2 protein chains.
Amino acid sequence: MKERETRQLATVYEVVRAAQDHPTADEVHARVRRRLPRISLGTVYRNLQKLAAQQRVRVVRLPHRAARFDGMLGEHDHFLCERCGAVIDLMRSAATPPDCAALDRAGFVVHAHALTFYGVCAACAGTPRVRRPRDRHV
Amino acid sequence: MKERETRQLATVYEVVRAAQDHPTADEVHARVRRRLPRISLGTVYRNLQKLAAQQRVRVVRLPHRAARFDGMLGEHDHFLCERCGAVIDLMRSAATPPDCAALDRAGFVVHAHALTFYGVCAACAGTPRVRRPRDRHV
DNA sequence: CTTTCTGCAAACTCTTTGCACTCGT
DNA sequence: ACGAGTGCAAAGAGTTTGCAGAAAG
C-alpha cells in the first residue's frame, strides 16, 4: 500500500508543474515522452489521477463538450450534487453575476460564461424541504 | 439549403423542451424512441446540434470529465478564447466570487465552483498588448 | 423530382482496465 | 523478494460520419 516515487510519476509531475498552458493528458504524454520515450498514455493517465488525488496538480474542469441539453432557454447556472448526481438549475440571480469589468479593461471580449457549483443538494444534505431530489429549480 | 421539419426533429425538440431534468443525448434518444421507435442515436445527435445552432434548445456546458491539467494549485477561473483556443488563467479576484449565500440558505452545501468565461482574448481582439497569444495569466 | 434527412454501422476521441512483466523499496 | 507500478493492447463511453435509401417540399 505504500506509494512509490517512480521516474514516470516524477516526470509527469515535473511536466505539469512546468507547463504554462493547460495541457491535455495527451499533451502531457507527448512532453513526458521526450524524456521517457517508452512511457505509455495509460501510465500518464494513472499518474495524473494520482497527482490530482494528492492535490499535487490541479484538474481544470472545463466545460468541453456539450453533454446535456436543456429546453430552458434563459441564462442560468447549475448546481451539481456530488451525492445524487442531480443537475439543478439556478436562476442567474441566485449568484452574483461575475464581474467582467476587469476582463473588459484588459481588452477581452466576453460573450458568455458558465458557472457550476459542486456540493451536496438540500435533499441529500438531509434538509427535508424538497420533495423531488432530482432536477428541481432553485 | 432549406431546412426541413421532419418528424424526428420535431420530436427531439418537444422532448427536450418538455424535459425538466437535463437529459444527455442518450436519454433524449430513449425518450424520443418511445414515440419514434426507429429513430437512431445519430439522428438525435444531429438534431440536437441543429436545434442548438438555431438556439431552440440550450446546451448545458457542464464540466464533465477532467480534460486538462494545471500545475497552478491556487483557486482560479478560466477564460476560453473562441478564436485561438487559448485557455487563460484568471485570478479569482478578477471576477467577483459568486454568492453562495442563497444556496446555503436553501440547505445546499457548496464545496467548490467552476467559472469559465467565453469570448475573444485581448490578443485576438486586436489589442496589441500581449506578446504570446496562448495561455498567459490575467 | 430534387435535395435534405434518416438509419445503420463503422470510425473516432478520450479514458479506463486486465494482464504479465518490471523495478522501487 | 514482495507488491506497487508499468507497457501494451483491448475495451469502454460518448460522439461523429459515410453511405444508400426514405421522405419532405
Side-chain angles (χ1 to χ4, degrees), chain A residues 1-16 19 21-54 56-70 80 85 87 116, chain B residues 1-16 19 21-54 56-70 80 85 87 114:
Chain A
M1 258 299 160
K2 183 132 112 289
E3 302 229 318
R4 291 175 184 175
E5 185 69 15
T6 62
R7 197 175 329 236
Q8 287 87 341
L9 180 66
T11 310
V12 168
Y13 179 55
E14 282 161 26
V15 161
V16 175
D21 50 354
H22 300 75
T24 61
D26 226 49
E27 288 166 342
V28 173
H29 182 221
R31 293 176 204 183
V32 172
R33 234 181 208 199
R34 297 206 279 261
R35 288 206 256 158
L36 302 174
R38 298 193 51 77
I39 195 173
S40 72
L41 183 57
T43 295
V44 170
Y45 271 105
R46 278 183 289 230
N47 283 333
L48 283 172
Q49 278 183 185
K50 187 173 301 188
L51 290 167
Q54 295 171 348
R56 293 170 71 195
V57 307
R58 168 169 280 270
V59 172
V60 179
R61 308 170 118 176
L62 278 185
H64 215 40
R65 301 207 168 167
R68 286 162 171 270
F69 299 88
D70 199 334
L80 207 76
V87 177
T116 307
Chain B
M1 259 299 159
K2 184 134 112 286
E3 302 229 318
R4 290 177 185 173
E5 184 69 15
T6 62
R7 198 176 327 235
Q8 288 88 341
L9 181 65
T11 310
V12 168
Y13 179 56
E14 283 160 26
V15 161
V16 175
D21 50 354
H22 300 75
T24 60
D26 226 48
E27 288 166 342
V28 173
H29 182 221
R31 293 175 205 183
V32 171
R33 234 183 207 198
R34 296 205 280 259
R35 287 205 257 158
L36 302 175
R38 297 193 52 74
I39 194 173
S40 72
L41 182 58
T43 295
V44 169
Y45 270 105
R46 277 183 290 230
N47 283 334
L48 284 171
Q49 278 184 186
K50 189 173 299 187
L51 290 167
Q54 296 170 348
R56 293 170 70 195
V57 307
R58 169 169 278 271
V59 172
V60 180
R61 308 170 119 174
L62 278 185
H64 212 41
R65 302 206 168 171
R68 286 162 171 270
F69 300 88
D70 200 336
L80 208 75
V87 177

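Chain naming here is simple, since letters A, B, ... match the order of the sequence lines and numbering starts at 1 in each. Please read all numbers here as calculations on a predicted model, not as lab measurements.
- D/dG5 atom C1' lies 13 Å from atom CD of A/Gln54, rounded to whole Å.
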Given the rule in the side chain to side chain contact (heavy atoms under 4.5 Å, CB included) test, do B/Lys50 and B/Arg46 qualify, once you have shown the distances and angles that lead to the verdict? CA-CA 6 Å; B/Lys50 189 173 299 187; B/Arg46 277 183 290 230; over 6 Å; no
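- A donor-acceptor contact under 3.5 Å is formed by the side chain of B/Arg46 with the base of C/dG7.
- Remark on DNA chain D: of its neighbouring residues A/Arg7 and B/Thr43, the 5'-side contact belongs to A/Arg7, judged by nearest-heavy-atom nucleotide.
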What's the verdict on side chain to side chain contact (heavy atoms under 4.5 Å, CB included) for A/Leu51 and A/Val12, showing C-alpha distance, side-chain angles and the deciding distance? CA-CA 9 Å; A/Leu51 290 167; A/Val12 168; 3.8 Å; yes
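- Atom CG of A/Leu41 and atom P of D/dA11 are 17 Å apart (whole Å).
- Across the interface with DNA chain C, nearest-nucleotide mapping of B/Gln8 and A/Asp26 shows B/Gln8 to be the residue nearer the 5′ end.
- Distances shown here put a side-chain N or O of B/Thr6 below 4.0 Å from the OP1 or OP2 atom of C/dT6.
- Note on B/Asn47: only backbone sugar-phosphate atoms sit closer than 4.0 angstrom, heavy atoms only; bases stay farther off.
- Taking every heavy atom of both residues into account, A/Ala25 and A/Val44 meet most closely at O-CG1, 3.8 Å.
- When rounded to the nearest whole Å, the span between NZ of A/Lys50 and C1' of C/dT15 equals 17 Å.
- Going from atom CZ of B/Arg4 over to atom P of C/dT6 covers 10 Å, rounded to whole Å.
- Between A/His29 atom NE2 and C/dT16 atom C1' the separation is 15 Å, expressed in whole Å.
- Spacing between atom CD of B/Glu5 and atom C1' of D/dG25 amounts to 13 Å, rounded to whole angstrom units.
- Of all the heavy atoms in B/Ile39 and B/His29, the pair that sits closest is O-NE2, 3.0 Å.
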B/Gln54/B/Glu3 under side chain to side chain contact (heavy atoms under 4.5 Å, CB included): CA gap, chis, key distance, verdict: CA-CA 11 Å; B/Gln54 296 170 348; B/Glu3 302 229 318; 2.4 Å; yes
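- Nearest-nucleotide positions on DNA chain C for B/Lys2 and B/Gly42 put B/Lys2 closer to the 5' end.
- In this structure, CD on B/Glu14 lies 14.0 Å from CZ on B/Arg31, to the nearest 0.5 angstrom.
- Nucleotide D/dA9 holds its P atom 17 Å from the OH atom of A/Tyr45, rounded to whole Å.
- Straight-line distance from the CD atom of B/Glu3 to the P atom of C/dT6: 10 Å, rounded to whole Å.
- Within the 4.5 Å cutoff, the side chain of A/Asp21 has no heavy atoms near those of the B/Val87 side chain.
- Annotation: proximity of residues 30-40 of chain B to DNA chain C (heavy atom, distance under 4.0 Å) is found for B/Arg38, B/Ile39, B/Ser40, numbered in ascending order.
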